[in-house]
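In what follows, a single structure is set out as structure tokens and then discussed.
This one's a predicted model, so the numbers in the text were calculated from it and none came from an experiment.
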Amino acid sequence: MMRDLLAPLRGVLIFALCGILTSSLYAQTEPLKLSLHDCIRYHQESPAPSAQLEAQRQAAHATRLKAQSNFFPQVSLSGGWLYTPAKIKPFSIDLPSWLPPMQLPKLPGVPTLSDAQSWLDDKMSLELGHIFYGSLSLRQPIFAGGRIYNGMRLAQIGEQAAEYQWTIQQRGEEEQIAKTYWQAVQLQEQLKAIGQFNAMLDKTLADVSAMKDQGVVADREVVSVRVNRNNAKLQEGKLREGLQALLILLKHQCRIPAEQAIELTPDFTLASQQPIDPCQPKLYSTVNPMERVELKAANLAVEAEKRRAQMALGEMLPEVGFTAQLLTMSPNPMDGFKKQFGSTWMVGVAVQIPITGIYQGVQSRTAALATQQVRQLELQDAERAIQMQNEQTSRQLTEALARYAETEQIRTDAKLNLDLSTEGHKEGVVTLETLSLAQRNWLESEMQYIETFVAVRLAQLAVNVATGQPLDL
């Protein structure tokens with residue numbers, strides 16, 4: 001009876017299972033459509049750079065906490081065992097110096113003064129032997145010549161520099177992703193154009209072959225069209241190979257699985273925009289290039305060397321600190337050196353004045369000041385280079401927009417010429433050579449249009465890099 005109840009459900013389960021398998025296979029074969037923004041997002045959300053960033057942050061944070069700990073009291077615990085065969089003499093008593101000078105007779109059974117001195121020295125001497133000790137020490141810095149503060153500030157600079165270096169690395173990788181993306185877009189769109197060109201040639205070849213069968217055209221014209229089509233097929237294969245290589249590189253840069261198929265969906269809104277006036281290059285510099293993260297990192301490098309020079313100066317200054325100590329040892333020096341543990345405590349102020357370390361401090365400070373000057377010169381060079389880069393990229397974008405406007409007009413004229421030649425060839429008023437020339441001109445105009453469009457995108461990318469703007473065009 002149970003089998004009869006489950007029989008109607010068997011078909012439903014099989015149908016559902018087939019649907020799940022079909023959707024899974026479809027999901028695996030469906031290409032992943034990517035804009036440039038999507039590529040950069042995949043790169044940023046990858047776990048590999050996130051783990052690396054977190055490790056760098058933890059290292060810099062730990063360094064800063066270590067530097068901050070120098071502000072707090074330093075507590076240490078020590079202990080040990082010592083052995084010495086020497087004897088100690090807590091008090092020195094010289095009997096002859098205590099008595100007036102006199103000549104005492106030597107009586108039998110009565111020790112002389114020297115014998116009494118020897119006996120007293122022997123009784124006052126202690127043999128320590130094995131010594132056990134333990135100490136709990138506390139030291140609170142009061143003045144260290146600015147070394148503690150500058151060390152903490154240097155650690156904070158290192159923490160911020162790690163963030164800047166990570167940002168520079170990320171922007172460099174994103175720039176390479178953007179360049180690869182637009183290069184792949186160029187090949188992808190050119191591949192579509194040459195596919196349309198091949199479709200034209202196939203239709204033309206079919207028409208010319210039919211006309212040859214009717215005795216209207218000669219074999220030479222059929223062969224000419226076939227040669228043009230074969231050359232176009234060869235060019236299409238080369239473009240497809242180049243596109244596949246760039247897509248593999250793009251997936252590697254974006255950290256997308258190699259088995260995942262991708263399809264690029266670029267933004268072509270530039271085609272509806274008017275070229276910007278070349279006389280207004282400031283329109284491209286909406287962000288102050290002097291705020292770029294590279295300059296911020298260079299400024300931090302100068303500040304770091306300044307702090308190192310101040311730390312080197314602090315090494316030549318006295319160090320003052322409060323100190324306290326709890327000491328326990330056996331034999332007990334507080335109770336006649338009895339063989340038992342005794343404890344005591346001590347507090348005070350300690351001063352440490354460097355003598356031979358002054359020379360080392362002078363040399364360290366000289367080296368730090370020289371390095372600071374080098375970093376300052378590097379900062380000035382970077383500022384000039386970024387300013388020049390901003391001017392060059394603005395001019396390149398202006399030129400790229402001008403070329404794009406020219407090729408857009410050429411593309412429109414070539415398309416109109418192709419339409420008229422195709423219609424005229426159908427009516428028999430345009431020769432095959434004229435039609436073939438119009439087709440080749442159309443393909444060349446399409447290739448140039450795509451190339452100039454990508455050139456504009458790359459120029460915009462260079463401007464965004466120079467001005468520190470986002471790279472996802």
Counting only heavy atoms not in [X], do more than 12 sit closer than 6.0 Å to its [atom1] atom?
{"X": "Gln360", "atom1": "CD", "result": "no"}
{"X": "Gln373", "atom1": "CD", "result": "no"}
{"X": "Tyr149", "atom1": "OH", "result": "no"}

So, [X] and [Y]: side-chain donor and acceptor under 3.5 Å apart, yes or no?
{"X": "Gln235", "Y": "Asn231", "value": "no"}
{"X": "Ser35", "Y": "Asp38", "value": "yes"}
{"X": "Glu433", "Y": "Thr431", "value": "no"}

Tell me whether [X] is salt-bridged to [Y], with the criterion being a basic N under 4.0 Å from an acidic carboxylate O.
{"X": "Arg440", "Y": "Glu444", "result": "no"}
{"X": "Arg375", "Y": "Glu378", "result": "yes"}
{"X": "Arg395", "Y": "Glu391", "result": "no"}
{"X": "Arg171", "Y": "Glu174", "result": "no"}
{"X": "Glu241", "Y": "Lys238", "result": "no"}

If we ignore hydrogens and angles and just use 3.5 Å, is the side chain of [X] paired with the main-chain N or O of [Y] as donor and acceptor?
{"X": "Asn230", "Y": "Arg226", "answer": "yes"}
{"X": "Lys251", "Y": "Ala258", "answer": "yes"}
{"X": "Ser445", "Y": "Trp442", "answer": "yes"}
{"X": "Arg292", "Y": "Ala466", "answer": "yes"}

### Message
Could you walk me through whether Arg403 and Glu406 satisfy the salt bridge (charged side-chain N to carboxylate O under 4.0 Å, His left out) test, starting with their C-alpha distance in whole Å, then the side-chain angles of each, then the deciding distance to 0.1 Å, before giving a yes or no?
### Response
CA-CA 5 Å; Arg403 289 194 301 270; Glu406 295 175 359; over 6 Å; no
#### Entry: Parallel, tilted or perpendicular: rings of Phe453 and Tyr404 (30°, 60°)
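Ring orientation of Tyr404 relative to Phe453: tilted.
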Side-chain donor/acceptor pairs under 3.5 Å, residues 70-82, sequence neighbours excluded:
residue: Gln74; atom: NE2; partner: Ser69; partner atom: O; Å: 3.1
residue: Gln74; atom: NE2; partner: Phe72; partner atom: O; Å: 2.9
residue: Trp81; atom: NE1; partner: His130; partner atom: ND1; Å: 3.2

### Query
When rounded to the nearest 0.5 angstrom, what distance separates NE2 in His252 from CD1 in Ile177?
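Answer for the NE2-CD1 pair, His252 versus Ile177, is 10.0 Å.
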### Task
Let me see the working for Gln44 and Arg41 under side-chain hydrogen bond (donor to acceptor under 3.5 Å, both in side chains), right down to the final yes or no.
CA-CA 5 Å; Gln44 293 176 345; Arg41 178 174 55 83; over 6 Å; no
